[in-house]
Protein chains: 2
Amino acid sequence: MPKPVNTSASRREERPAAATGPVDKALAVLDALVQPDAPHRLADLAARTGLPKPTVHRLLHTFAEAGYAVPGPGGNYQAGPRLLGLAATALAASSELRLARPVLDDLRLRTGHLAHFSVRDGAVAVHVTQSEPSPTYRIPLTAGGEVPLYCSAVGWAMLSALPSPAAAELLGGRPLPARTSRTVRDPGAVLAALPAVRERGYAVDDEYAEQDVRAIAAPVLGPGDRVAGAVGIVGLTFTLDEESVAVLGPMVRAAAGTVSAALRGGPGALGIVRGQE
Amino acid sequence: MPKPVNTSASRREERPAAATGPVDKALAVLDALVQPDAPHRLADLAARTGLPKPTVHRLLHTFAEAGYAVPGPGGNYQAGPRLLGLAATALAASSELRLARPVLDDLRLRTGHLAHFSVRDGAVAVHVTQSEPSPTYRIPLTAGGEVPLYCSAVGWAMLSALPSPAAAELLGGRPLPARTSRTVRDPGAVLAALPAVRERGYAVDDEYAEQDVRAIAAPVLGPGDRVAGAVGIVGLTFTLDEESVAVLGPMVRAAAGTVSAALRGGPGALGIVRGQE
DNA sequence: CATCATCGTTCCGGCTCCCGGAACGAACGA
DNA sequence: TCGTTCGTTCCGGGAGCCGGAACGATGATG
């Protein structure tokens with residue numbers, strides 16, 4: 001049985017905690033390479049990762065030889081075919097994602113809002129996949145994007161499914177940075193709100209992270225009550241208004257329940273998703 | 001200006017050409033980790049990558065600490081949140097993919113067939129994204145999957161857009177393995193068929209790779225006529241029958257043209273896709 | 001046209017730390 | 001109870017990673 005590893009609770013400082021081994025450096029460069037904001041020239045990647053230029057140069061060369069990176073025009077590197085294949089495979093092979101996809105599509109159709117699935121990475125939530133309604137108002141949520149747990153519906157949903165001490169540790173002890181005027185900045189207050197979330201079965205983000213954006217989310221539990229992620233919907237406040245929350249909330253909760261049930265039922269075995277819970 | 005790097009033309013042997021550096025080994029393990037066929041225990045990953053057990057163990061530990069892998073029940077490792085985030089980001093950030101997605105959806109709706117976008121990785125095509133019609137017959141094509149260039153529509157499409165010598169080199173000199181009774185096994189014959197593909201603007205795979213499966217594809221060209229990938233549709237032969245090929249072929253070609261035009265127009269700049277070509 | 005800043009690239013000596021065979025304990029099935 | 005297979009740890013040797021420094025090319029600037 002593998003010994004549990006502490007999943008670094010605090011991350012995402014600009015200098016990523018001094019990558020020590022060559023593997024960590026490689027991961028750091030890969031991570032920088034796929035960030036959407038171009039350009040990805042050698043100097044840019046070196047600056048972003050905080051690694052010396054020759055080191056990044058050597059790594060990029062290794063990646064290019066293996067097909068994980070490709071030198072574009074103007075010295076701009078981009079993700080190579082192997083990396084795209086790896087990414088596609090990873091997303092297609094993940095059992096939670098495979099099960100969540102049809103549920104998200106259904107949820108989007110029935111609510112009319114952007115539906116997404118996020119997983120926890122330390123103290124932030126990462127949006128892994130989404131199902132968006134055709135031309136809509138620009139919702140600030142993109143695949144691969146991140147949002148802190150303390151100011152998001154998916155974050156609260158996942159926190160509510162965690163043991164209280166664990167949630168408290170993830171929130172930390174000091175006041176949290178305000179994202180809007182409605183952000184709940186006191187870790188204690190967030191913690192105090194979780195029982196209600198547990199009770200209702202879904203969490204509501206009322207412009208905590210972004211002005212004019214409201215969200216609803218519910219936790220997805222895997223085998224052994226492990227928190228596998230969260231299902232949520234996002235919309236602008238005048239579309240996703242307060243009255244509809246009471247209607248949409250249970251729908252989000254049910255969707256998360258469907259994914260949870262499928263995840264427990266047979267991890268990857270059954271092809272059909274049972275509509276239970 | 002970065003020196004061009006030879007993108008290993010021959011790959012995909014079971015023992016991946018003896019990964020030399022620690023970075024190559026890390027990539028090999030990551031690649032094995034996301035393969036859909038479980039389980040991913042230490043011994044399995046070691047066997048699949050051909051690396052010694054302690055080496056894989058150390059790498060997995062590094063991955064776990066960084067959140068790129070997660071130890072599951074029974075010593076089964078799976079992709080961690082960082083890896084899923086990286087994958088989602090990579091797929092969302094790739095300009096060709098961002099542009100291809102809506103075109104694929106449109107193509108699927110108009111043809112009723114599974115539409116997909118693939119890129120070239122050496123002598124194989126990797127399916128990076130797809131848009132599939134709701135419950136249909138099981139089409140043997142999954143995201144992240146691969147198929148040799150010589151026996152697929154996307155492969156022929158990309159070969160047709162390459163300079164003849166390059167295509168010849170990718171095909172090799174010796175007879176190609178048969179996948180079905182209709183597989184074109186002679187590299188010279190494949191090469192001889194490419195001008196017709198260039199002329200028509202799309203390639204047709206008539207059960208070359210799989211029994212009862214037909215496919216149509218057209219190449220996507222980026223700035224400077226670089227082959228960015230190919231757009232295609234796949235279906236069972238009795239659904240995607242011979243008569244419809246003449247109708248669907250131009251639609252596939254037009255879809256690929258749309259992506260190409262958008263790709264040339266502004267790499268990531270413009271948000272709307274022009275319906276040109 | 002001259003000058004400068006910046007970028008990508010190469011070099012090389014030092015020494016880190018990667019490597020993997022071997023050994024051990026635990027878990028499991030027979 | 002025994003045998004097998006797994007995950008894990010240890011450790012000495014040396015492969016090869018490391019990154020400061022230097023160089024040539026390129027493009028911007030005055």
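Letters A, B, ... mirror the listed sequences (proteins, then strands); counts begin at 1.
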Quiz item: For every nucleotide of nucleotides 14-20 of chain C, 5' to 3': is a protein heavy atom under 4.0 Å from its base (B), only from its sugar-phosphate (S), or from neither (-)?
Solution: ----SBB
Quiz item: Taking all atoms of both residues into account, what is the closest heavy-atom pair of A/Asp121 and B/Pro81, and its distance?
Solution: CB-CB, 3.7 Å
Practice problem: Report yes if some heavy atom in the side chain of B/Leu170 is under 4.5 Å from a heavy atom in the side chain of B/Arg120; otherwise report no. | Solution: yes
Quiz item: With side chains defined as the heavy atoms from C-beta onward, is the minimum distance between A/Leu221 and A/Val227 less than 4.5 Å?
Solution: yes
Quiz item: C/dT9 C1' sits how many Å from A/Leu45 CG, rounded?
Solution: 16 Å
Quiz item: A/His61 NE2 to D/dC17 P: how many Å, rounded?
Solution: 12 Å
Practice problem: Whole angstrom is fine here: how far is it from CG in A/Leu60 over to P in C/dG8? | Solution: 10 Å
Quiz item: If only side-chain N and O atoms of A/His57 are considered, is one of them under 4.0 Å from the OP1 or OP2 phosphate oxygen of C/dG8?
Solution: no
Quiz item: A/Leu42 versus A/Lys53: any side-chain heavy-atom pair under 4.5 Å?
Solution: yes
Exercise. Take the C1' atoms of the five end pairs on each side of the helix from C/dC1-D/dG30 to C/dA30-D/dT1, derive the two axes, and give their angle rounded to 10 degrees.
Key: 50°
Quiz prompt | pair B/Val259-B/Arg101: side-chain heavy atoms closer than 4.5 Å | solution = no
Quiz item: In whole Å, what is the span from the NZ atom of A/Lys53 to the P atom of D/dC18?
Solution: 17 Å
Quiz prompt | Short side-chain donor-acceptor distance under 3.5 Å, A/His57 and A/Thr55 | solution = no
Quiz item: Rounded to the Å, how far apart are B/Tyr77 OH and D/dC6 P?
Solution: 15 Å
Exercise. In whole angstrom, give the distance that lies between atom CG of A/Leu42 and atom C1' of D/dG24.
Key: 16 Å
Quiz item: Given side chains that start at C-beta, do those of A/Lys25 and A/Leu59 come closer than 4.5 Å, heavy atoms only?
Solution: yes
Quiz item: Would you call A/Arg98 and A/Leu91 a side-chain contact if the rule is heavy atoms closer than 4.5 Å?
Solution: no
